[in-house]
Amino acid sequence: MRLLIPVGLLALALVVVLLGGLLVVGQFTGGGDQDAAGTCDAGDRAAVGIPRTAADLQPVQRQAAATIVGVAKGMNAPPRAWIVALATAMQESGMGTAGMDVAVDHDSLGLFQQRPSQGWGTPDQIRDPVHATQTFLAHLLAIPGWQDMPVTQAAQTVQRSAFPGAYAKWEPLAASLVGDLAGVTSAIRPCAEGPTAGVATSLPPGVAKSAIDFAVGETGKPYVWGATGPSSYDCSGLMLRAFQAAGVVLPRVARDQYGAGAHVPVAQAQPGDLLFWAYDTSDPSTIHHVALYLGDGKIMEAQQTGVPLGVRPVKFTESELVPLATRPGTAPQA
């Protein structure tokens, strides 16, 4: 019995060491959520404390991200492919900060930790971010139905990682980078187009994307009070036409648009929801402005005279922001 106690303690210590090692390795090779077959992109599932925008990255990471987007555009790859590539590079190499020149796992090298022994190219080719991006995208675009997969599943199909759910936590950052570097805001499939966690209503399929694509496509046009397009808009006029393009009929003015769908707390707003500003946030009759929520803390709006239509950041603590958002095309609560 005396002999069994030290043996048991030694086995327990070995388990602790092994688990610690797995957590360290998981920083760049996997770990985290193992669910790679979600019905929509991860979005707000990202872990607290990880980078969310370009401003959170190191210069070398921002340069790597710009290279990936530039190569993808040069290949005429759709923006969703950029999202997959950016999320993958962040997981595999920390966006160019680990394993670029010296392999840390077998013979894996470069932005996407590709392996010469598995036919990805020579070590020198794989270390080249341009070549690495080209080969990653070529494999991705050859996968049947990749555009209909969640980002993490598409990345896993190319990479065949031991930790297939690990890419999900980088999707918010990837979406932000695509918006910052190329002005594209609709490459992520919003969860609002599938089941809505904690909310009894969801947008009809495709509505959010269609409305966002239309609204963002009007970027740069002038604000004119009372205008409903196509050459100029006011705030509610832009929302009217955006949802008309998505097959949803809205009232003409902002205060009436507030009642044109189910309400959700602004903190739970999803892409495609409408945000409102009022002189008295408890009185919808005082609403004076409306904007389209794009996700990731950004809105598309026709703001005021002299300010062209465009995207800007939004904080849910802004003065005069009504605490409830409206989800057009869903049944208003009684």
Over all atoms of both residues, closest heavy-atom pair of Ala269 and Tyr293: O-CE2, 3.5 Å
Roughly how far, to the nearest 0.5 Å, is the CZ atom of Arg255 from the OG1 atom of Thr286? 10.0 Å
Nearest-0.5 Å distance, CZ of residue Phe136 to CG of residue Leu111: 11.0 Å
Rounded at 0.5 Å granularity, tell me how far CG in Asp56 sits from OG in Ser176. 8.0 Å
Contacts of Arg252 meeting salt bridge (charged side-chain N to carboxylate O under 4.0 Å, His left out) (sequence neighbours excluded), chain-then-number -> Asp234
Could you walk me through whether Val130 and Thr67 pass the side chain to side chain contact (heavy atoms under 4.5 Å, CB included) test, one step at a time? CA-CA 7 Å; Val130 172; Thr67 297; 4.1 Å; yes
Is there side-chain contact between Val69 and Leu177, with heavy atoms separated by less than 4.5 Å? no
Spell out, as yes or no, whether a donor-acceptor pair under 3.5 Å connects the side chain of Asp283 to the backbone of Asp280. no
For Gln244, give me all partners under side-chain contact (heavy atoms from CB on, under 4.5 Å), at least two apart in sequence or on another chain. Arg241
Give, for atom CD1 of Ile287 and atom CG of Asp256, the distance between the pair rounded to the nearest 0.5 Å. 9.0 Å
Could you tell me if the side chain of Val322 sits less than 4.5 Å from the side chain of Pro284, heavy atoms only? no
Do Val60 and Leu86 belong to the same hydrophobic cluster, where Ile, Leu, Val, Met, Phe, Trp and Tyr are linked whenever their side-chain heavy atoms lie under 4.5 Å apart, directly or via other members? no
Side chains of Val264 and Leu324: does their closest heavy-atom pair fall under 4.5 Å? no
Minimal non-hydrogen separation, Val311 against Lys298, with atom names: CG1-CB, 4.0 Å
CG (Leu57) and CG (Leu173) are apart, to the nearest 0.5 Å, by 5.5 Å
Can you check whether Ile126 reaches Pro116 side chain to side chain, under 4.5 Å on heavy atoms? yes
Which pairs pass ring-ring contact (aromatic ring centres under 6.0 Å, His included) with one or both residues in residues 265-292, sequence neighbours excluded? Tyr258-Phe276, Trp277-His289, Tyr279-His288
Can Tyr233 and Val224 be said to form a side chain to side chain contact (heavy atoms under 4.5 Å, CB included), step by step? CA-CA 5 Å; Tyr233 299 85; Val224 174; over 6 Å; no
Residues forming a side-chain hydrogen bond (donor to acceptor under 3.5 Å, both in side chains) with Gln118, sequence neighbours excluded: none
Taking atom types as modelled, is there a side-chain donor on Gln303 or Tyr223 under 3.5 Å from an acceptor on the other? no
CE on Met90 to CE on Met95, rounded to 0.5 Å: 6.0 Å
Kindly indicate whether the side chain of Leu321, heavy atoms from C-beta on, has any atom under 4.5 Å from the side chain of Phe316. yes
Gln114: what forms a side-chain hydrogen bond (donor to acceptor under 3.5 Å, both in side chains) with it, not counting sequence neighbours? Thr135
Is the shortest heavy-atom distance from the side chain of Leu141 to the side chain of Pro78 under 4.5 Å? yes
Please assess Glu301 against Leu309 for the test side chain to side chain contact (heavy atoms under 4.5 Å, CB included), listing each intermediate value before the final yes or no. CA-CA 6 Å; Glu301 65 176 1; Leu309 276 60; over 6 Å; no
Single hit among Leu294, Leu292, Leu275 for side-chain contact (heavy atoms from CB on, under 4.5 Å) with Ile299: Leu275
So, for Leu250 and Met239, which heavy atoms are closest and what is the spacing to 0.1 Å? CD1-O, 3.6 Å
Any side-chain heavy-atom pair of Pro271 and Ile212 under 4.5 Å: yes
If we only count heavy atoms from C-beta on, is the His139 to Trp120 side-chain gap below 4.5 Å? yes
Lys/Arg-Asp/Glu bridge criterion (N-O < 4.0 Å) met for Glu218, Lys221: yes
Under a 3.5 Å distance rule, please check whether Gln268 uses its side chain to pair with a backbone N or O of Pro265 as donor and acceptor. no
Establish whether Phe214 and Val207 are linked, either directly or via other cluster members, by ILVMFWY side-chain heavy-atom contacts under 4.5 Å. yes
Which atom names give the shortest non-hydrogen contact between Gly272 and Phe243, and what distance separates them? O-CZ, 3.2 Å
Hey, mind stepping through Ile143 and Val158 against side chain to side chain contact (heavy atoms under 4.5 Å, CB included) and telling me if it holds? CA-CA 8 Å; Ile143 297 170; Val158 176; 3.5 Å; yes
Kindly give the heavy-atom pair with the smallest separation between Gln159 and Phe112, and that separation in Å. NE2-O, 3.0 Å
By salt bridge (charged side-chain N to carboxylate O under 4.0 Å, His left out), which residues pair with Arg127, not counting sequence neighbours? Asp124
Any side-chain to backbone donor/acceptor pair from Gln61 onto Gln58? Under 3.5 Å, distance only. yes
Which atom of Leu240 lies closest to which atom of Gln257, heavy atoms considered: N-NE2, 4.0 Å
Under a 3.5 Å distance rule, please check whether Thr219 uses its side chain to pair with a backbone N or O of Val216 as donor and acceptor. yes
Salt bridge flag under 4.0 Å for residues Glu92 and Arg115: no
Out of curiosity, does Trp146 fall in the hydrophobic cluster containing Met75 (side-chain heavy atoms, cut-off under 4.5 Å, transitive links)? yes
